[in-house]
K.L.:
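Below is a structure I'd like to ask you about.
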Amino acid sequence: MEEKAIILSPSLLSCDFARAGEQLMTLENAGLRYLHLDVMDGVFVPNISFGVPVIKSIRKSTRLIFDTHLMIESPERYIDDFIAAGSDFVTVHAEATKKPAAVLKAIRAKGAKAGISLKPGTGAAEIFDLLPLCDIVLVMTVEPGFGGQSFMEAMLPKIKAIRNELDRIGSGAFLSADGGIDVKTAPLAAGAGVDMLVAGSAVFGKPDMARAAADILQAAVI
Ligand code: DX5
Ligand code: ZN
């Protein structure tokens with residue numbers, strides 16, 4: 001079978017915010033192209049991270065593609081702001097809005113790439129009708145809210161089911177796994193068919209981030 005290169009999207013949540021510019025430069029110099037930005041509102045998830053001003057500020061210091069993951073209630077209220085701040089991809093949670101299709105369409109209409117994310121308790125089939133509106137599908141492999149948790153292997157069948165459905169409808173959307181990704185779990189997610197891996201603590205938590213990223217990508221070659 002032909003090998004497919006997997007994309008690594010490191011999560012800013014685990015960075016040293018006092019040294020963010022420098023750390024992003026290190027990742028960019030290591031050849032990485034994406035950055036995952038976890039926005040938490042303390043309502044949809046029991047944690048608060050950062051929002052529009054931080055994204056706008058770091059947008060000036062890096063050329064990485066911004067893969068913004070909104071863990072916020074009723075994300076439709078803030079789509080325009082996150083796109084204006086420099087997000088290339090805007091991913092919303094299926095559980096956070098009553099009108100996910102309208103939100104995905106609004107993101108695309110503003111010229112950004114649209115994504116849907118699923119908490120561990122949300123089944124694959126619940127988002128199948130939204131897939132034609134998606135450029136990215138983000139499967140949570142931990143309960144959203146915190147970095148540094150353990151990968152839930154029980155999510156692998158869900159990843160496979162979404163992989164099959166994306167292929168069946170001929171979608172080119174990225175399938176991404178988020179939470180607990182490291183050198184041990186990357187091959188599991190890759191085996192289930194992801195195109196992209198999000199990793200926070202396994203990259204930013206390491207003294208040699210470039211090496212840590214390369215090791216995860218190497219482990220994902222299956
Ligand atoms: C969790 C976030 C993840 C998190 C990943 O709510 O969506 O992106 O930062 O962190 P690690 O890789 O440490 O599990
Ligand atoms: Zn995330």
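Just so it is clear, the structure is predicted and the values come from calculations on it, not from any experiment. Numbering of ligands and ligand atoms starts at 1, following listing order.
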K.L.:
Would you say CZ of R33 has more than 12 non-hydrogen atoms from neighbouring residues, nucleotides or ligands within 6.0 angstrom?
P.N.:
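Atom CZ in R33 is not packed in, count stays at 12 or less.
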
K.L.:
With atoms numbered from 1 as shown, which atoms in ligand 1 lie under 4.0 angstrom from a non-hydrogen atom of M40?
P.N.:
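Every atom of ligand 1 under 4.0 Å from some heavy atom of M40: 6 (O).
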
K.L.:
Give a yes/no on ligand 1: does F151 have at least one heavy atom closer than 4.0 angstrom to it?
P.N.:
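No, F151 has no heavy atom closer than 4.0 Å to ligand 1.
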
K.L.:
Taking all non-hydrogen atoms of both residues, which atom of V142 and which atom of G180 are closest, and how far apart?
P.N.:
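Heavy atoms only, the tightest pair is CG1-N, 3.9 Å.
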
K.L.:
I'd like to know whether ligand 1 has G148 as a neighbour, heavy-atom separation below 4.0 Å.
P.N.:
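Checking ligand 1 against G148, which is what was asked, there is a heavy-atom contact under 4.0 Å.
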
K.L.:
Can you list the ligand 1 atoms lying under 4.0 Å from a non-hydrogen atom of S11?
P.N.:
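That gives atoms 8 (O), 9 (O) of ligand 1.
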
K.L.:
Take a 6.0 Å sphere around NZ of K158 and say whether it holds more than 12 heavy atoms from other residues, nucleotides or ligands.
P.N.:
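More than 12 within 6.0 Å, yes.
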
K.L.:
Could I get the full list of salt bridge (charged side-chain N to carboxylate O under 4.0 Å, His left out) partners for D135, not counting sequence neighbours?
P.N.:
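Once residues adjacent in sequence are excluded, the partners of D135 under the salt bridge (charged side-chain N to carboxylate O under 4.0 Å, His left out) criterion are R108.
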
K.L.:
Restricting to non-hydrogen atoms, name the atom on L35 and the atom on S9 that form the minimum distance, rounded to 0.1 Å.
P.N.:
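Shortest heavy-atom separation between L35 and S9 comes out as C-OG, 3.6 Å.
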
K.L.:
Answer yes or no: does an N/O atom from G180 fall short of 3.5 Å to an N/O atom of ligand 1?
P.N.:
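The answer is yes, given that G180 and ligand 1 share an N or O pair closer than 3.5 Å.
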
K.L.:
Nearest 0.5 angstrom please: I79 CD1 to L70 CG, how far?
P.N.:
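The CD1 atom of I79 sits 5.5 Å away from the CG atom of L70.
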
K.L.:
Do D182 and T185 meet the criterion of a side-chain donor-acceptor pair at a distance under 3.5 Å?
P.N.:
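Yes.
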
K.L.:
Checking a contact table here: which protein heavy atom is nearest atom 12 (O) of ligand 1, and how many Å away?
P.N.:
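The protein heavy atom lying closest is G200 N, 2.7 Å.
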
K.L.:
Which residue and atom name correspond to the protein heavy atom nearest atom 6 (O) of ligand 1, and how close is it?
P.N.:
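In this structure, atom 6 (O) of ligand 1 has G145 N, 2.7 Å as its nearest protein heavy atom.
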
K.L.:
Pair D38, S49 - check side chain to side chain donor-acceptor pair (under 3.5 Å), show working.
P.N.:
CA-CA 7 Å; D38 286 308; S49 57; over 6 Å; no

K.L.:
On the 0 to 90° scale, with breaks at 30° and 60°, tag the F174-Y34 ring pair as parallel, tilted or perpendicular.
P.N.:
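F174 and Y34: perpendicular rings.
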
K.L.:
Under 4.0 Å from a heavy atom of H69: give me the atoms of ligand 1 that qualify, with their elements.
P.N.:
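Contacts of ligand 1 toward H69, numbered from 1: 7 (O).
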
K.L.:
Quick one: nearest non-hydrogen protein atom to atom 3 (C) of ligand 1, plus distance?
P.N.:
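Of every protein heavy atom, D178 OD1, 2.9 Å lies nearest to atom 3 (C) of ligand 1.
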
K.L.:
Is any side-chain heavy atom of I116 closer than 4.5 Å to one of V92?
P.N.:
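V92 reaches I116 side chain to side chain.
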
K.L.:
Just let me know how P144 lines up against ligand 1, side chain, backbone, both or neither, with a heavy-atom cut-off below 4.0 Å.
P.N.:
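The answer is both.
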
K.L.:
Under 4.0 Å from a heavy atom of G147: give me the atoms of ligand 1 that qualify, with their elements.
P.N.:
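Listed by number with element: 10 (O), 13 (O).
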
K.L.:
Please report whether ligand 1 has a polar contact with S201, defined as an N or O pair separated by less than 3.5 Å (distance criterion only).
P.N.:
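Yes: some nitrogen or oxygen of S201 is under 3.5 Å from one in ligand 1.
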
K.L.:
Just to check, does M71 reach to within less than 4.0 Å of ligand 1 when the distance is taken from its heavy atoms?
P.N.:
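M71 counts as a contact of ligand 1 under the 4.0 Å cut-off.
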
K.L.:
For atom 4 (C) of ligand 1, what's the nearest protein heavy atom and its distance?
P.N.:
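Here the nearest protein heavy atom works out to D38 OD2, 3.7 Å.
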
K.L.:
Which protein N, O or S atoms lie under 2.8 Å from the Zn ion (ligand 2)?
P.N.:
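Per the 2.8 Å query on the Zn ion (ligand 2), atoms found are H36 NE2, D38 OD1, H69 ND1, D178 OD2.
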
K.L.:
How close do V90 and I107 get, heavy atom to heavy atom, and via which atoms?
P.N.:
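Heavy-atom minimum between the residues: O-CD1, 3.5 Å.
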
K.L.:
Roughly how far, to the nearest 0.5 Å, is NE2 of H69 from NE2 of H93?
P.N.:
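Interatomic distance, H93 NE2 to H69 NE2, rounded to 0.5 Å: 3.0 Å.
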
K.L.:
Suppose we measure from atom 1 (C) of ligand 1 to each protein heavy atom; which comes out shortest, and what is that distance?
P.N.:
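Result: F146 O, 3.6 Å.
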
K.L.:
Hey, does the Lys NZ or Arg CZ of K119 hover above the aromatic six-ring of F44, less than 6.0 Å from the centre and inside 45° of the axis?
P.N.:
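Ring-cation test returns yes.
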
K.L.:
Show which atoms of ligand 1 fall inside a sub-4.0 Å distance from at least one heavy-atom site of L13.
P.N.:
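Listed by number with element: 9 (O).
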
K.L.:
Would you mind listing which atoms of ligand 1 come within a distance below 4.0 Å of any non-hydrogen atom of A199?
P.N.:
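So the answer, numbered in order with elements, is 12 (O).
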
K.L.:
Could you tell me which atoms of ligand 1, counted from 1 in the order shown, lie closer than 4.0 angstrom to a heavy atom of H36?
P.N.:
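Numbered from 1, ligand 1 contributes 8 (O).
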
K.L.:
Taking the side chain as every heavy atom from C-beta outward, state whether I159 and L175 have any pair of such atoms under 4.5 Å apart.
P.N.:
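The answer is yes; the side chains approach within 4.5 Å.
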
K.L.:
By number and element, which atoms of ligand 1 are closer than 4.0 Å to a non-hydrogen atom of G179?
P.N.:
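In order of number, 14 (O).
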
K.L.:
Determine whether more than 12 heavy atoms belonging to other residues, nucleotides or ligands lie under 6.0 Å from atom CZ of R77.
P.N.:
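Yes.
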
